[in-house]
Amino acid sequence: MSTSEHSSAIPTLELNDGAIIPQIGLGTYAMRDAEGIGAIIAGIDNGYRLLDTAVNYENEREVGRAVIDSKVGRDELFITSKVPGRHHGYDETIASTEESLARLELERLDLHLIHWPNPSVGKYVETWRGLIELRERGLVTSIGVSNFTEPMLEQLIAETGVTPAVNQIELHPYFPQTELISFHKSIGVQTESWSPLYRDQGLFDEAPIAEAAQAHGVEPAQVVLRWHLEVGSLPIPKSANPDRQRLNADIFGFSLTPAEVAAISGLERGRMKNRDPLTHEEM
Ligand SMILES: NC(=O)C1=CN([C@@H]2O[C@H](COP(=O)(O)OP(=O)(O)OC[C@H]3O[C@@H](n4cnc5c(N)ncnc54)[C@H](OP(=O)(O)O)[C@@H]3O)[C@@H](O)[C@H]2O)C=CC1
Ligand SMILES: O=C(O)C(=O)[C@@H](O)[C@H](O)C(=O)CO
C-alpha cells in the first residue's frame with residue numbers, strides 16, 4: 001500500500017446506522033502535549049483517518065489541534081471519544097460530550113462511546129439514553145459502547161431499542177473473545193479491538209505469528225493486525241512512531257489462511273491485566 005500525505009488507502013466499513021468507518025484507526029492513549037500533536041499529525045499524514053481518544057486520556061485538546069493543523073479536511077476524519085465513568089447519567093453525558101466537543105474544537109463527534117460500563121454504579125442505561133439524545137441533536141453521528149458484555153448489550157437494546165454501532169473491547173491473540181465477536185455479528189455491532197498489539201509485550205515472538213510473518217514477507221505486527229481484520233474486528237493500534245504507523249496501516253495487501261488465523265487464535269491465555277468489565281471500573 002502506498003499513501004500520499006493527502007490520501008488514504010485504508011478501506012472502510014459500514015456501521016449499522018449507515019455511517020462509514022475506516023477499517024483501522026490510530027489509538028492515541030498517552031499521546032500528550034506537543035509531541036502527541038506531532039505524532040497524531042504524522043498518523044494522519046500516514047493515512048489514518050480514525051483517531052481514538054477519550055476524556056480520560058486527557059488529550060482531546062491535542063487531537064483537536066492535530067485535526068486543525070493536519071492537511072486533511074475535518075470531514076475526511078473520523079473522531080471517536082468516550083464518556084468516562086464519573087460522567088455517567090443522562091444530563092452528565094450531555095454535559096460531558098459538550099465539553100469534549102469544546103476541547104476538540106469540533107461541532108460533531110463521528111463516534112462516541114461509553115468508556116466502561118461500571119456495573120456497580122448502575123447508570124449505563126441512562127448514559128446510553130444521553131448518547132441517543134446527542135445523536136438526535138446531531139452532536140454525535142454514531143454511538144457505541146466499550147467494554148460491554150453480551151448481557152449488558154442485550155439490556156441496552158431491550159430497554160432503549162437502540163443497538164450500539166460499536167463495542168470497543170480488549171482483543172488480541174491472547175484474548176480472542178470469539179464468542180463475543182460472534183454475538184456482535186449476530187446483532188450488527190462492529191467489534192473494535194483495544195490493545196490490539198498487546199502493547200508489544202512479547203506477542204510478536206509467538207511461533208504462529210512469526211511463521212505467518214515469514215510466509216507472507218511481512219512483520220509480526222502486521223500479521224497481528226491482519227488477524228484482527230480476519231476475525232471481523234477493527235483494530236486501533238497506537239504508535240507515535242511514523243515508521244511503525246505506516247507499517248501498521250499496511251495490512252490490506254495480504255491475507256491470512258484459515259489455518260493461520262486458527263493457529264494465532266490458539267494462543268489464547270486471557271486478558272493483559274485483570275480488566276474484566278464485571279469487576280474493573282474506571283471513573
Ligand atoms: N476502551 C478502552 O477501555 C481502551 C481503549 N484503548 C485504545 O486502544 C488504543 C490501542 O491500545 P494500546 O493500549 O495503546 O496498545 P497497542 O496494542 O496499540 O500497543 C501500543 C504499543 O505498541 C507499540 N507499537 C505500536 N506499533 C508497533 C509495531 N509495529 N512494532 C512494535 N511495537 C509497536 C507502541 O509503541 P510506539 O508508540 O513507540 O510505536 C506502544 O508502546 C489506545 O491507544 C486507546 O486509543 C486502550 C486501552 C483500553
Ligand atoms: O486506555 C483506555 O481506554 C483505558 O481504559 C485505560 O485506562 C486502560 O484501562 C489502561 O490502560 C489502564 O492502565
Gap separating the CG atom of L139 from the CD1 atom of I143, nearest 0.5 angstrom: 12.0 Å
Residue pair S193 / H228: nearest heavy atoms and the distance that separates them: OG-ND1, 2.8 Å
Residue pair E281 / N118, side-chain donor-acceptor N/O under 3.5 Å: no
Plane angle bin for F254 and H216 - parallel if under 30°, tilted between 30 and 60°, otherwise perpendicular: tilted
Side-chain donor/acceptor of R32 to backbone N/O of E58, under 3.5 Å: yes
Value rounded to 0.5 Å, distance of CG in L104 from CD in E99: 12.0 Å
N147 to H115 - nearest heavy-atom pair and separation: ND2-O, 2.9 Å
Residues K82 and Y57: side-chain donor-acceptor under 3.5 angstrom: yes
Geometric cation-pi criterion, R49 with F78: 6.0 Å, 45°: no
Derivation and outcome, side-chain hydrogen bond (donor to acceptor under 3.5 Å, both in side chains), residues R108 and T141: CA-CA 7 Å; R108 168 185 64 79; T141 302; 3.0 Å; yes
Heavy-atom neighbours of R275 CZ exceed 12 at 6.0 Å: yes
Ring centre gap for Y198 and F175 strictly below 6.0 Å: no
Nearest atoms (heavy-atom pairs only) where F204 meets I209: O-CG2, 4.2 Å
Donor + acceptor pair across side chains of E60, S81 (<3.5 Å): yes
